[in-house]
Protein chains: 2
Amino acid sequence: MSKGEATRERILDRAFLMAGRDGLDGLTIGALADELKLSKSGLFSHFGSKEELQVAVIDLAESRFTELVMLPAFKAPRGLPRFERIFEQWIDWVMDTRTPGGCIFAQAIAELDDRQGRPRDVLVQTQETLVDALAKSAQLAVDEGHFKKDTDARQVAFELHGIMMTLNMYTRLLKDRRAVDRARQAFKRLVQFHTP
Amino acid sequence: MSKGEATRERILDRAFLMAGRDGLDGLTIGALADELKLSKSGLFSHFGSKEELQVAVIDLAESRFTELVMLPAFKAPRGLPRFERIFEQWIDWVMDTRTPGGCIFAQAIAELDDRQGRPRDVLVQTQETLVDALAKSAQLAVDEGHFKKDTDARQVAFELHGIMMTLNMYTRLLKDRRAVDRARQAFKRLVQFHTP
DNA sequence: GATTTTTACGCACGCACGTTCTTATTTTCA
DNA sequence: TGAAAATAAGAACGTGCGTGCGTAAAAATC
């Protein structure tokens with residue numbers, strides 16, 4: 001790996017944290033440069049524009065999510081075990097104390113939802129991919145006979161998403177220690193409902 | 001009502017919209033003044049600081065939510081009818097096409113969740129009040145015999161919250177037309193599960 | 001209608017933003 | 001090792017930010 005690539009990774013690693021706390025707009029080139037002891041222009045030249053930096057952060061977030069949530073889950077047998085594994089890994093992702101501000105997607109979604117531009121387009125793409133993956137995983141549980149035949153996999157994906165978003169909010173905003181229990185209980189009810 | 005109060009209301013009305021779209025940080029005094037054809041300093045003098053403006057917007061959001069969601073719901077008989085009415089009014093709140101950026105609370109929650117300061121404190125207060133109200137409403141359904149005796153009202157509040165957050169995201173970010181149906185189905189499942 | 005109080009403006013300030021150049025330094029590779 | 005290429009720094013730009021102050025206009029009060 002060249003020097004440039006290494007620096008770029010170091011920048012993005014920090015940018016990922018800053019964007020989770022302060023949002024993709026709050027993510028500022030000057031502050032980022034200070035924290036990394038780089039010059040503004042030196043940092044800037046790695047991306048060419050702030051928008052590109054934002055896009056790179058979203059891309060990084062997606063690949064980390066895949067790495068930390070989806071890939072481990074795929075080691076579990078398809079169907080319910082894998083679906084449950086996604087849920088548990090996702091909990092770890094949301095509760096990770098190293099990422100202040102909570103799930104970076106929650107930040108980005110609220111920030112970009114009714115705007116225009118490449119960052120939004122990229123985010124929509126990642127979220128659609130995620131929803132598809134969740135639905136597919138739920139559908140596999142149907143196919144394996146773990147869920148009822150008439151289970152609507154996309155509906156299950158919708159509801160799981162809701163559980164995770166609420167977990168994030170209860171934990172980060174309300175500082176509710178019981179949030180994880182609540183999420184687990186909600187998930188249990190979701191699974192139970194669709195179990196034949 | 002004095003002239004000053006009228007102007008202040010006019011400012012907040014617009015600020016409410018801007019904050020929903022661009023967030024409480026993206027809410028900017030200069031842009032707000034331009035839209036309202038006021039001078040920056042003239043507008044500023046109504047609040048004394050940007051932070052106070054942000055707090056005023058959160059307060060306005062809460063009172064509007066109470067007015068548009070909770071108060072109408074209280075006309076329904078307590079128990080399940082009222083609980084269902086909260087849900088339906090809340091849908092209207094989230095789907096309101098006059099508010100670009102979707103539910104302003106979704107914005108504010110993501111923005112302020114791991115920060116410090118008065119805006120955050122005020123937001124936490126409003127969200128705790130909301131959660132309490134939801135839980136109380138669910139508890140009334142238990143008391144009236146519409147929900148099972150062992151139903152955990154706060155758990156129901158948690159899950160309802162999740163449905164609404166997901167409705168907001170699917171609608172605003174993913175532009176999914178079926179989001180309302182999904183929300184209704186999730187709600188139906190929630191109610192059904194707790195029905196004796 | 002005169003006076004006092006309220007409300008709004010104009011201007012300026014210091015600061016941080018994203019961005020663009022030019023220049024110096026470091027890496028890379030023949 | 002020396003030439004070429006990649007990387008980082010530095011200084012400067014225009015812009016917009018929140019904020020403070022003195023003053024003019026308007027409204028409220030008597």
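Letters A, B, ... are given to chains in the order of the sequence lines, protein chains preceding strands, and every chain is numbered from 1.
Side-chain contact between B:Phe65 and B:Ile104: absent, with no pair of heavy atoms (C-beta onward) separated by less than 4.5 Å. In this structure the side chain of A:Glu62 never reaches within 4.5 angstrom of the side chain of A:Glu67, judged on heavy atoms. Counting heavy atoms from C-beta outward, B:Leu134 and B:His161 have side chains that approach closer than 4.5 Å. Using a 4.5 Å heavy-atom cutoff, the side chains of A:Thr126 and A:Thr129 are not in contact. Taking 4.5 Å as the limit, every side-chain heavy atom of B:Val142 sits out of range of all side-chain heavy atoms of B:Leu80. Between A:Glu9 and A:Leu60, the closest side-chain pair of non-hydrogen atoms is not below 4.5 Å. A:Leu38 has its side chain within reach of A:Thr7: a pair of non-hydrogen atoms, C-beta onward, lies under 4.5 Å apart. For the pair A:Glu52/A:Arg118, a side-chain contact is recorded, criterion being any heavy-atom separation below 4.5 Å from C-beta on.
In this structure, A:Lys148 is positioned above the aromatic face of A:Phe193, its NZ or CZ under 6.0 Å from the six-membered ring centre and within 45° of the axis. For the pair B:Arg182 and B:Tyr170, the cation-pi test (distance below 6.0 Å, angle within 45°) is failed.
In the model, A:Gln139 has a side-chain atom that pairs as donor or acceptor with a side-chain atom of A:Asp143 under 3.5 Å. Donor-acceptor pairing under 3.5 Å is recorded for the side chains of B:Arg85 and B:Gln89.
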Anything under 3.5 Å between a protein N or O and an N or O of nucleotides 9-16 of chain D, put it in a table, one pair a line.
unit_1: D:dA9; atom_1: OP2; unit_2: A:Ser39; atom_2: N; d: 2.9
unit_1: D:dA9; atom_1: OP2; unit_2: A:Ser39; atom_2: OG; d: 3.3
unit_1: D:dA9; atom_1: N7; unit_2: A:Ser41; atom_2: OG; d: 3.3
unit_1: D:dG10; atom_1: N7; unit_2: A:Ser41; atom_2: OG; d: 2.8
unit_1: D:dG10; atom_1: O6; unit_2: A:Ser41; atom_2: OG; d: 2.8

Check the interface with nucleotides 1-6 of chain D: list each N/O to N/O pair with the protein under 3.5 Å, or write none.
none

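B:Leu36 has its CG atom 15 Å from the C1' atom of C:dT7, to the nearest Å. If you take CZ of B:Phe44 and C1' of D:dG18, they are 6 Å apart, rounded to a whole angstrom. Between the CZ atom of B:Arg8 and the C1' atom of C:dT6 there is a distance of 15 Å, given to the nearest Å. Per the geometry, CD1 belonging to A:Ile29 stands 6 Å off C1' belonging to C:dG18, to the nearest Å. In this structure, the CE atom of B:Met1 is 15 Å from the C1' atom of C:dT6, given to the nearest Å.
At distances below 3.5 Å, at least one donor-acceptor pair connects side-chain atoms of A:Ser45 with backbone N or O atoms of A:Gly42.
Between its opening and closing five pairs, the helix from C:dG1-D:dC30 to C:dA30-D:dT1 changes axis direction by 20°, a value rounded to 10 degrees.
The shortest distance between the side-chain N/O atoms of B:His46 and the OP1/OP2 oxygens of C:dT6 is not below 4.0 Å.
Taking the six-membered ring where tryptophan is involved, the planes of B:Phe16 and B:Trp93 are perpendicular, since the angle between them exceeds 60° and thus also 30°.
Under the salt bridge (charged side-chain N to carboxylate O under 4.0 Å, His left out) criterion, A:Glu144 pairs with A:Arg78, not counting sequence neighbours.
Residue B:Leu24 holds its CG atom at 9.0 Å from CZ of B:Arg115, rounded to the nearest 0.5 Å.
At a non-hydrogen distance threshold of 4.0 Å, nothing from residues 13-27 of chain B comes into contact with DNA chain C. Of the residues in residues 48-58 of chain B, B:Ser49, B:Lys50 come within less than 4.0 Å of DNA chain D through at least one heavy atom, sorted by number.
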